[in-house]
Structures are given as C-alpha cells and as structure tokens.
2 protein chains.
Amino acid sequence: MSNAYNRPDQLSPELRRRVLDTARRLGYPGPDPVARSLRTRKAGAVGLLLTENLSYAFRDPAAIGFLEGLALACEDAGTGLLLVPANPEREDVASVHRAGVDGFVVYSVPDDDPHLAAVLERPVPTVVCDQPDLGTVDRVGIDDRGAMYELAKHLIDLGHRRIGVVCMRLARDRNDGFVTPDRQHAAHFHVQRNRLSGLAEAFSEAGVDWSQVPVAERFDHNTASGASGAAQVLDRDPQITALICTSDVLALGAMNEAARRGLRVPHDITVTGFDGIRAGEEAGLTTVRQPVLEKGRAAGKLLLDTNERSRPRSVNLATELIIGKTSGPPRGGAEERWFGP
Amino acid sequence: MSNAYNRPDQLSPELRRRVLDTARRLGYPGPDPVARSLRTRKAGAVGLLLTENLSYAFRDPAAIGFLEGLALACEDAGTGLLLVPANPEREDVASVHRAGVDGFVVYSVPDDDPHLAAVLERPVPTVVCDQPDLGTVDRVGIDDRGAMYELAKHLIDLGHRRIGVVCMRLARDRNDGFVTPDRQHAAHFHVQRNRLSGLAEAFSEAGVDWSQVPVAERFDHNTASGASGAAQVLDRDPQITALICTSDVLALGAMNEAARRGLRVPHDITVTGFDGIRAGEEAGLTTVRQPVLEKGRAAGKLLLDTNERSRPRSVNLATELIIGKTSGPPRGGAEERWFGP
DNA sequence: AATTGGTTCTGAACCGTTACGGTCCTTTCA
DNA sequence: TGAAAGGACCGTAACGGTTCAGAACCAATT
C-alpha cells in the first residue's frame, strides 16, 4: 500500500496499478500525513514563535522582512512554515505543545516568555533570533549594542548632548511612559535593552548624565506610538536637540510629531531610527540598517542544517550606519560646545 | 499518563504529582503532538496554498493584507497557520500531501494548478479565494468583473476611448508581451480574466474595438513590471489617453514610466490601478479598493466554522471605486468627443 | 454480610503509516 | 537436476498518544 504511493520501484507496475485502482474505488484519499509523520518522525514543517499577535507579523516591516527570509529558506528545503499562535496576553502555551514541527524559530520574544520556555522543553532543534545567547540553542542576531553605540557616536560628533529617546516595549507589561534606569537595565527584550545600553554607554562617555535623559517607552509599535512618545519627551524637555528612536517606525512617527510642532528636521531637531526599512529610506532617515531578510534566511538555514555536531552556533550579522538627512548639528551647536563639558 | 497532563480532574492530585515527577525524571518531554493529532484527528492548523513562491506572500501588499486577516481568524480560533511550499515551477505536489492540517485555504492560484487539484483530493474542508466557484468547496472573493466595469465606466465618462492595459500573468507560462483576445479569454487566473472581461465589456459598449486595445501581460508582479508593461503599450500606441493596470503595484510602476517619459498624470495620461493598497492611496491613485484583510478573515472564518450543514458557501465582499488624482479627462478630450463614435 | 454506588486506577484497543524481515516464486548457473 | 540468488509480495510490529471499558477499592446503605 504505502509502497504503491511512495516506492514505485518496490513493486511491479501491474500490482501498483491494481492497488491504486482499488484504493480509488474505495475512496481512499491517499496516505494520511499525520500518521506518516508519526511513523517517520518528520513533520515537514518548522514552527515560528513571535512575541506578538500572529497578525503583527504582517504589519511590522522588519518582521515581514524576517519572515520573507525565513520563508525563502523553508522553500529551499521544501519545508512548511507553521505560524504558531502565541497570544502574549495569555499564558497559554498549549499551542506550542500542539505544534507538529521539526524545529522552532523564536523571534524576538521577551526573555521570560512562557512560550519560549515551552519551546525549549520540546526535544527539537531551536534557533532564537534577536534574543540573548542561551548557550544551548542556535542563535542569530546583530550587535544591537555596538550598532547603537556607533549611531550615538555620530550624534555626539555632531555636537548633540541634550537628547531624548523613544523606545519599544521593554517588558511584557504595558508601560506607556518614561522609563527608569532600573527598568532599562532589567528590560526583558534583549534588543531594546542592548540598544539603550549602547546609547547610555556612548553618551556617558561624552559626559552626559544618562539618568537625566528622558526615555519614553511605548507598548504598541506603530507611528502613532512614535508620535506620542516624541510628544512626551518634547513636553518634558523642549530643549533637546536630538530624538533617538529605537526603530524606524517610531522615528517616522516622531518626525510626524516634529512636523506637527513646526520643528524642522534636522535644522531644529535631529531624528534617528533603527532597522533600515523602506519607508525610512524614502524619508532619508538616519538609521542603522540591519539585514532583516538575511536574518530570517540565516535562522532557517541554521535550523534546517542537519549537521548536529556543530551546535549550538551563534551568528552575528553585520549592520551599517546610514547617515541620512534627518541628522545634523544642533541649532547653535557650535556655541554650545564651547560651554559644554 | 495522558490524564496526568490533560485531565487533572480524572485522577488524584497525589498520583498526578507522582506521575509528573517520574516523567520529568525520565526526561519525558510531554505528549508528542503528532501522535496526539493522529489519535484525535485534529492537527490544530490550517494550510495556506499560494500560487507563488512562499516568500512572495511577504512581498506583495495585497497578499500581506490577506495573510494578516487570515492570521487574525486563526488566532481567534487558536489554530496554527501552515504556509505550504508550492513551487509553481515544479509539479511536485508532495508538499500538499505531506501537510498535516485540518483544512486548506487556497489563494489565487491558476484554475489548472496541480497543487489545487491535490488539495481538492484531500478529505478536509477547503476555502478557495479569488478563484472561480467550484460548487464543491467554500469560496470567498469579490466581483472583479463588475468592479472593473465600474472603473471603466468612469474612464469612459471622462471621455477616454483610446486606452492601453497592463495586466498580471494570465497563465502558468511566462508571457511578457501582448495578449491576444484568445489568451485573455482562456486565462487560467480567475481574477485577471474577470478584470479584463469587465474592461472589454464596458469599452465595447462604448464603441471601442477591444481587439485593437493593446494589453501587455507581465509574469512578475512588481513595479518594474508595471513600468516595462506601460512602456511596451506606449511604444505601440503613443496616442493612448489612459493606462489601465489590473493592480496598484503595476499602476505605480506605470506612473514611474510615465514620469520617465515626461508625461504628466493625469494631464497627459490617466493611470488607474486595482486593490487599494497603502502606497497607491498615498500616490492618490484612482483604483478599486477591495477589503483584502476582510477577505483573509472571511476565508479563515469560513474554514474554521464547524457548521458543515451549510457548505458549500460563497461570499462576495464589497469593493469601492476610489477616484483619485491620477484620472482625468483626456487631453483635448472635449473636442475628441465630438468626433468620437 | 451483602449490595449498591461512586471514585480512582489499569490495561487494551485503536488511529494509519512505514520499516523490516520472511515467504514464495522465478531465474540462473554449475 | 539441484542449489543459490534475486525479485516480488505480504504480514507484522512499532511510532506515541487517547479513550473507554472494566477492575479494584472504599464508603454508605439495606
């Protein structure tokens, strides 16, 4: 039976025809994929776990790029890609237990996400992406800290000392407001924690008291959040000369807010992002470009590479500082430098 | 064993604790999802079949919107979404046979796609989207023909009689060039066939000889294709007053080409699209807006609705004609109308 | 003491496939 | 003619759960 479908060489054409004929006559729909998976111990699919609602994956430009790369890798290997529903609001990890997959890719979830813990308990290979190196599973990422440090250096060189920051969510709880240094330090999102830490390091080296820098956190990741975060920072300190956002999406929102206030970028205020998405590029945003598609592809390749010996592996992809037209010297920056620290 | 994990009420807490303890000690990783699926006959996932390479789903704005809606519906139901790799170049339908899913959504594949045939042979519910009504499975779509007819009417009312068309691929073979009426009629892509047919009907009614209208087909769906298609049409007949594209992406490309030639839209030439994507909206494109997200959500709801009695169902969603600033009367249109048919 | 009722626990059957090894038949060659 | 070899076919045992029937046990009732 099985042979008739999958192993035509194991039996005579005559018998094969007869088997297939009667199978059709009996209404047999072909071998059941689930039973086959059980027997062969191959599901033919990899699971993807995201921190956000499933549909978020299709709204965020960076996530879309990552998914495209991952899909590319899956396609090459002829594997399916299973999007695992993991509602961050609920602690329900049943979906992780229920997923019939040969491996997991975990993309940018908080360190303490129960879904991540559930994945790590499953006896399948796993690749974490944009997360701390766990030492036990493969990892793909970038040097968020170093890249942000470079961006900060660029701003410092331009003369900026009085700055504000808008960042994405730092933990699983919603906190749309200013962030204490403690919260920054304890942030459960690896990416945000490292980007902030790169900023803190660079500006501290330049003599800025980081604890006085207004950092506005936003739970939702869209331009509206960028705008309201920027507004909050500007209300707190109208004197800032640069607004650093930890993503391009937030930065685009911040630019909207700047425009709304009649502030010209970069003359009145410098705005920077992070990611290197298309819309940011079109806006001439100063940012760090990271290879999101390559990140997805690398994660898929790592997961589907059957060479077990070399696990766990850790891959860091290169980023590039893009100096666009949204950054410039602070207004009256030259004079300020004379009086600066 | 099973009860200890899934049915805590069926046994004493004491025994449950003992079972779980020894399970952990023996390194038991929890119930195997595949074996469970086999027994319960529930995979906890729905499959998505696309005509294009998997990664295309993340590059095309309309596809992304559809996926977002579908993901939303899956999330509500706690189901996973399996992207089935279906390379259109190969006839390899094994991926369809291998997919452990409770149902399929088939999105805009050609009528004669072997993957579609393979899906229909599987004994699971199926929803086809942007495809002809098969009568045997659920269907979600829009009235492509009627919507394009309305758009054509708008152009006819403005006075356009000499037009050109750029359309997406009509069949599985690559044909980057002009399309004969025969090929239009025999097109294997339901959506394109109907949009062209709506155009043909409207313009024929207005006295235009449709067989003389240049229709350029492009296999790849991106702005470059839109530009080259527009170029081909304009080279053939520089006198056309309107360029009708069967998608917004193509239309944006066509506008690039118009600009390259120094043609001003809509003063020198009218350009229209179809879909209602964000980028088109920002460009002020005259187009037909269709609810892509709702389409995906409706497909998911239909598939996950367990009420079998009412199958098969057919859902048509409403579209809206958006008159933007890329359509206007033809240059000297008023005079031409005096001499027109 | 025997019956009844209820709860907790155990064991076996089954889901549908694939892998494997054994039987049987045919062919080849000494 | 007999033995060895090879090919075709078939039967059976997992794979790892879930489910359900019924055994075992305990307490309450007759």
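Below, read A as the first sequence line, B as the second, and so on, with proteins coming before strands; counting in each chain starts at 1.
Distance from the side chain of B/Thr40 is smallest for D/dT18 among the nucleotides D/dT18, C/dG16, D/dG16. Of the listed nucleotides (D/dG16, C/dT17, D/dT18), D/dT18 has the atom at the smallest distance from the side chain of B/Arg36.
The CZ atom of A/Arg98 sits 14 Å away from the C1' atom of D/dG17 (whole-angstrom rounding). When rounded to the nearest whole Å, the span between CG of A/Asp32 and C1' of C/dC14 equals 14 Å. Rounded to whole angstrom, the span from the NZ atom of A/Lys42 across to the C1' atom of C/dG16 amounts to 19 Å.
With the nearest nucleotide of DNA chain C identified for both B/Leu38 and B/Arg18, B/Arg18 has the one nearer the 5' end. Comparing B/Arg41 and B/Glu14 by the nucleotide of DNA chain C whose heavy atom lies nearest to each, the residue mapping closer to the 5' end is B/Glu14.
In this structure, A/Tyr56 and A/His221 have tilted ring planes: the angle between them lies in the 30° to 60° band.
Applying the 3.5 Å distance criterion, the base of C/dA19 shares no donor-acceptor pair with the side chain of A/Arg39.
Residue B/Tyr5 has no polar side-chain atom (N or O) positioned under 4.0 Å from OP1 or OP2 of D/dG16.
Using modelled atom types, one finds a donor on one side chain and an acceptor on the other under 3.5 Å when comparing A/Asp275 with A/Gln290.
Within 6.0 Å of CZ on B/Arg36 lie more than 12 heavy atoms contributed by other residues, nucleotides or ligands.
Screening residues 61-78 of chain A for side chain to side chain donor-acceptor pair (under 3.5 Å), with sequence neighbours left out, gives A/Glu68-B/Arg59.
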